Amino acid sequence: MKHLTTAIFAGTLAALPTFLVFSPSDSFAAKDLRSGCYERFTNIEPVSGFGTTCVVPDSSSFRLSDVTDLNVHFKDTRSGSRASGYVRAKACVQYFNSTGGACGSTANASAYTAPGTPSVSPSTSQWTTANLGHFKYIAATALTDQGGPWVEPTGFFAYIP
Amino acid sequence: MITKGHVLWGGVGIGFGLSLGIGVATLVGRWSGGETARGRFTTSTAAAESEPARVVHTRTIVERIADEKSSDETDDEVAQAAPESTQEDLRAEFESDIATHESDWRDPSWAPSAEKNLTEQFGSTPGTHKILGVDCRSTSCVVNVEWPSLAEASRGYTALLHQPTEPNCASKILLRPAEGDGRYTEQLVLDCTEARAN
């Protein structure tokens with residue numbers, strides 16, 4: 001009985017540090033993904049707007065279907081007041097094996113004064129497990145009659161609790 | 001006083017403890033979706049249709065992961081990592097969305113104004129398309145769109161997907177395989193459930 005107690009005591013002492021050493025460091029942690037877009041707007045609406053897309057990687061270690069918060073950030077370098085909806089974004093999917101896709105509803109930025117860094121939080125309703133294998137992206141647009149590099153998406157932040 | 005028995009049984013205990021620690025740590029890693037030795041896969045929005053080799057490669061990776069998981073992991077994990085919808089699945093889901101829309105009731109206080117707005121908004125979206133009609137019910141709308149050809153539709157459908165609308169709806173479209181070189185019509189399905197709830 002005394003020897004059994006010794007074995008249990010030694011085993012317990014060995015098991016705890018071993019578990020801490022070998023357990024994955026992110027097993028219990030929340031995860032987040034940040035990325036710059038590095039793409040300036042191109043003129044997709046000749047008069048009233050400009051747009052671009054930001055690639056969002058989906059991986060087994062950061063599943064976009066688990067994302068609860070998505071923020072898309074913009075940079076507006078010209079001065080002036082901007083109305084609500086001046087910049088906006090959608091979270092979309094492009095089907096990898098068919099021609100087509102889907103987008104969630106549009107997130108519109110509140111009114112702001114430029115220069116500034118407005119942001120929006122688009123719905124990720126299309127980033128589902130059913131769309132796991134398809135390609136995810138953010139479609140960002142800005143209403144502007146001047147275009148060019150004055151307004152552009154700077155990046156996005158995605159969070160999994 | 002440390003005896004031989006203490007040393008012997010202490011060694012057995014340490015060995016058991018090391019094994020237990022490694023085993024539990026491995027299981028925790030799998031359950032929590034942490035990194036495993038098998039690695040990861042990543043998808044990209046790079047032009048899928050214009051790069052068939054990449055599509056095949058991506059599919060191969062996705063299928064390989066599913067195969068690996070099916071060999072030694074639980075059904076739940078396989079379900080979470082199931083490969084993407086097949087073309088048939090996508091078509092079935094798309095037609096189901098249209099059928100659900102058609103079976104919905106028409107809200108006279110919302111549908112006419114939504115149809116008018118959407119006709120104007122999609123009509124002003126840049127492209128070669130033409131809006132043939134918009135049909136709204138209580139929480140969804142279907143936009144009938146015509147392009148000069150399937151090739152034009154393939155180039156132009158994303159402009160419609162990205163078009164901000166009022167009502168603010170989620171959008172979905174799925175083009176069919178080629179049926180000749182003539183004019184091509186397709187339906188854009190709009191889910192306005194969120195907009196109507198707000």
Side-chain angles (χ1 to χ4, degrees), chain A residues 2-4 6-19 21-28 44-46 51 53 55-61 63 85 88 90 92 94-106 108 123 125-126 129-137 139 141, chain B residues 5-6 8-14 16-18 20-22 24-26 28-29 32-35 40-46 48-49 55 58-59 62 65 80-87 90-91 93-94 125-126 154 157-159 161-162 164-165 168-175 194-195:
Chain A
K2 192 166 62 180
H3 291 157
L4 183 60
T6 302
I8 292 172
F9 180 69
T12 306
L13 280 182
L16 183 60
T18 306
F19 170 75
V21 167
F22 284 91
S23 62
S25 59
D26 62 347
S27 293
F28 305 108
I44 59 166
E45 297 172 61
T53 57
V55 171
V56 187
D58 194 2
S59 72
S60 55
S61 58
R63 293 185 191 282
R88 56 210 178 186
K90 293 184 176 207
C92 302
Q94 176 175 298
Y95 302 139
F96 96 94
N97 54 355
S98 300
T99 307
C103 290
S105 56
T106 305
N108 295 298
S123 163
S125 63
Q126 300 302 321
T129 51
N131 285 330
L132 173 67
H134 301 301
F135 306 126
K136 282 78 172 186
Y137 66 97
T141 53
Chain B
H6 281 113
L8 180 65
W9 284 99
V12 170
I14 288 171
F16 177 75
L18 289 172
L20 184 67
I22 292 171
V24 171
T26 303
V28 166
S32 65
E35 293 181 32
R40 319 163 178 188
F41 73 94
T42 301
T43 58
S44 163
T45 50
E49 292 123 325
V55 171
T58 305
R59 185 177 182 80
V62 171
I65 289 171
Q80 284 183 1
E84 72 298 330
S85 310
T86 63
Q87 292 180 344
L90 283 175
R91 174 58 55 190
E93 182 185 311
F94 188 66
T125 305
S154 299
Y157 77 86
T158 51
L161 279 181
H162 298 169
T165 59
N168 189 0
C169 310
S171 53
K172 182 187 290 186
I173 193 167
L174 181 63
L175 305 190
E194 283 183 28

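Residue numbers begin at 1 in each chain, while the letters A, B, ... track the order of the sequences. The model shown is predicted, which means the values in this text are computed figures rather than measured ones.
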Apply side-chain contact (heavy atoms from CB on, under 4.5 Å) to B/L90 and A/N97, showing your working.
CA-CA 9 Å; B/L90 283 175; A/N97 54 355; 3.5 Å; yes
Just so I understand: if I count every heavy-atom pair under 4.5 Å between each of B/N168, B/T158, B/T125 and chain A, which residue has the most?
B/N168
Pick from A/S105, A/S123, A/G104, A/A102: which one has the most heavy-atom pairs with chain B under 4.5 Å?
A/S105
Mind checking the NZ-CG spacing from A/K90 to B/L161? Nearest 0.5 Å is all I need.
7.0 Å
Shortest non-hydrogen pair, A/T99 vs B/S154, comes out as CG2-OG, 4.0 Å
Interchain contact, A/C92 with chain B, by part (heavy-atom threshold 4.5 Å):
side chain
All heavy atoms of A/S98 vs all of B/L174, minimum pair found to be CB-CD1, 3.6 Å
Look at A/S125, A/G85, A/C103 and state which one has the largest set of heavy-atom pairs under 4.5 Å with chain B.
A/C103
Set of salt bridge (charged side-chain N to carboxylate O under 4.0 Å, His left out) partners for B/K172, sequence neighbours left out:
B/E93, B/D97
